[in-house]
Amino acid sequence: MCSLVPKYNVPGPRYTSYPTVPYWDTNGFSGLTWKESVRRSFQESNDTKGISLYIHLPFCESLCTFCGCHKRITRQHSVELPYIKALLQEWQLYLQVFEGKPVIRELHLGGGTPTFFAPENLRMLLRGLLRYADRAQEWEFSFEGHPNNTTQAHLQVLYDEGFRRVSFGVQDYNEAVQQAIHRVQTFEQVKEVTHLARQIGFTSVGHDIIYGLPLQTSADVAATLKKTSEIRPDRIAFYSYAHVPWLKGNGQRGFKDSDLPTGPEKQRQYLLGKSALAAAGYAEIGMDHFALPGDGLYRAMHAGKLHRNFMGYTDSATQLMIGLGASSISDSWHAFAQNVKSIEEYQHLVNSGVLPLLRGHLLTSRDEVIRRHILDLMCRFETKWNDNLSTYMRQTIIERLAEPEADGLIEIQVDGLRVTDKGHLFIRNICMAFDLHLHEKAPDTRLFSMTV
Ligand code: SF4
């Protein structure tokens, strides 16, 4: 399989949405059309499926040089309250759009570092949001925890507010790698905070492990996963470092390009990690995710209910996802919208009573058809031709997939296509064959990270 890596290792999207953000077409998108699409989606799905809420908490005390998130580095905690005030104000603006009381099925705190915020401020934020909403019968509240600053008080407050899932960013335990990415945290710290979360009552603890980091070797990946399997997190996100310094500015300049493992070495790290995780009892879930039997994602995959949105893989197939906070992305199923990225501009706009929209996209019926195929591929590694894809479009896609088929990555069948085990690593490349925007608008290779 290693010989296929140079051929397929090209820049490509991770498909947390279709169309992907760089290919959104802002024609016809406005505050008005966005609100209409939210209202429509709310009417269609709030009572039956509930809605998802993503809250972006963008502050971090120190910069990790592998980071691709929208964040502000500061040690000034005076930023917390004005930002929370703005989040609550933005929620009020959405409450005016909904026609009824929202039912929250899924709520996720991401960042940035959610645990940058004091526990009592997080409590205030959550109570301020949930005061105007009902919880779905089965809800899932989760957050991203930084092992270095997630305290017992954070875990307890979030548990008391209904959180049962936490994921900790681990990356790699080798100290030289940690120094290179400017994220030093020991195995003992991670073990302790994982233990604490479980003791308090969190039922799903996840660890994020990255391969392809500067100075990282296959031996480091093996050692990190060996330690990880001692703690046995319920879920593991094991994914490739996305090196895009031209998009992420100075944040990704803490090391030299020559410190990065090359394609074949990265491939070894992936294959080694994948077999170590399988040997430790983890099942592969979609792309880059692994879970123990019993975890919600594992159950969702087996029930054919796995879903993917801007938060990644999820077992809640809500139709409406509202993203609050600077740079957050919302998905109404009929349209996408992204908030302005500057924290000052975000706060100014919401405090003036305006939804802080930067850009968006209204989905066409053709987008909806392609999205269904890409979602099926990303969540189930197969798709069926049972929809309105025109014969011409289907033929074009099949022609684009001739090489992956010849290389044994997919099997094209009369009623659809199936991705083989060998093809799992190249799932992004396979989805790219369906991506009409990418093919029609002359792909800009600098917009995406490498697919392998
Ligand atoms: S990796 Fe997390 S903690 Fe580090 S800078 Fe990025 S958002 Fe902040």
Side-chain angles (χ1 to χ4, degrees), residues 14 16 54-77 79-80 83 87 108-119 121-122 142-151 154-155 158 165-186 189-190 193-194 197 205-216 224 228 233 235-255 259-260 288 310-312 323-329 338-339 341-343 346 449:
R14 299 185 78 87
T16 48
Y54 169 77
I55 321 287
H56 192 70
L57 299 168
F59 305 109
C60 305
E61 286 204 346
S62 88
L63 176 68
C64 311
T65 53
F66 67 93
C67 179
C69 304
H70 288 291
K71 73 276 173 190
R72 165 82 53 89
I73 308 300
T74 177
R75 289 180 170 271
Q76 300 301 323
H77 285 260
V79 295
E80 293 183 29
Y83 191 76
L87 287 169
H108 183 73
L109 304 181
T113 308
T115 45
F116 172 96
F117 284 75
N121 286 344
L122 290 176
S142 57
F143 77 101
E144 291 159 21
H146 192 314
N148 288 358
N149 66 11
T150 302
T151 61
H154 282 112
L155 290 164
L158 292 170
R165 190 159 80 72
V166 51
S167 60
F168 293 113
V170 171
Q171 338 321 336
D172 188 287
Y173 287 118
N174 179 304
E175 214 185 310
V177 175
Q178 293 194 354
Q179 297 281 0
I181 60 174
H182 203 237
R183 174 76 177 249
V184 178
Q185 55 197 23
T186 63
Q189 276 172 302
V190 177
V193 75
T194 299
V205 180
H207 284 188
D208 289 3
I209 313 283
I210 306 184
Y211 63 92
L213 288 168
L215 306 182
Q216 196 181 26
T224 294
T228 302
R235 267 178 214 191
I236 295 177
F238 177 63
Y239 56 93
S240 160
Y241 163 59
H243 187 57
V244 283
W246 50 89
L247 292 180
K248 300 299 173 186
N250 289 333
Q252 290 194 336
R253 286 292 185 202
F255 43 84
D259 292 333
L260 291 167
D288 299 340
F310 283 104
M311 296 188 268
L324 302 180
S327 80
S328 278
I329 297 179
Q338 182 173 32
N339 281 351
K341 297 179 184 177
S342 147
I343 292 168
Y346 166 74
S449 60

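Whatever order the structure lists ligands and atoms in, that order sets their numbers, starting from 1. Note that the numbering runs from 1 along the sequence shown for the chain.
For Glu144, the heavy-atom gap to ligand 1 stays at 4.0 angstrom or more.
The distance from ligand 1 to the heavy atoms of Phe66 drops below 4.0 Å at these ligand atoms: 1 (S). Within the listing of ligand 1, atoms 1 (S), 2 (Fe), 3 (S), 4 (Fe) sit less than 4.0 angstrom from a heavy atom of Arg183.
You'll find the side chain of Cys60 reaches within 4.5 Å of the side chain of Thr113, heavy atoms only. Residues His146 and Glu61 form no side-chain contact, since every pair of their non-hydrogen atoms from C-beta on lies 4.5 Å or further apart.
Under the 3.5 Å distance criterion, the side-chain polar atoms of His56 are left unmatched by any main-chain donor or acceptor of Gly325. A donor-acceptor contact shorter than 3.5 Å is absent between the side chain of Glu80 and the backbone of Asn121. Between the side chain of Asn148 and the backbone N or O of Val184 there is at least one donor-acceptor pair closer than 3.5 Å. Remark: the backbone N or O of Val170 is paired with a side-chain donor or acceptor of Gln185 at under 3.5 angstrom.
The aromatic ring centres of Phe66 and Tyr241 sit 6.0 Å or more apart.
Listed by chain and residue number, the protein N/O/S atoms under 2.8 Å of atom 8 (Fe) of ligand 1 are Cys60 SG, with waters left out.
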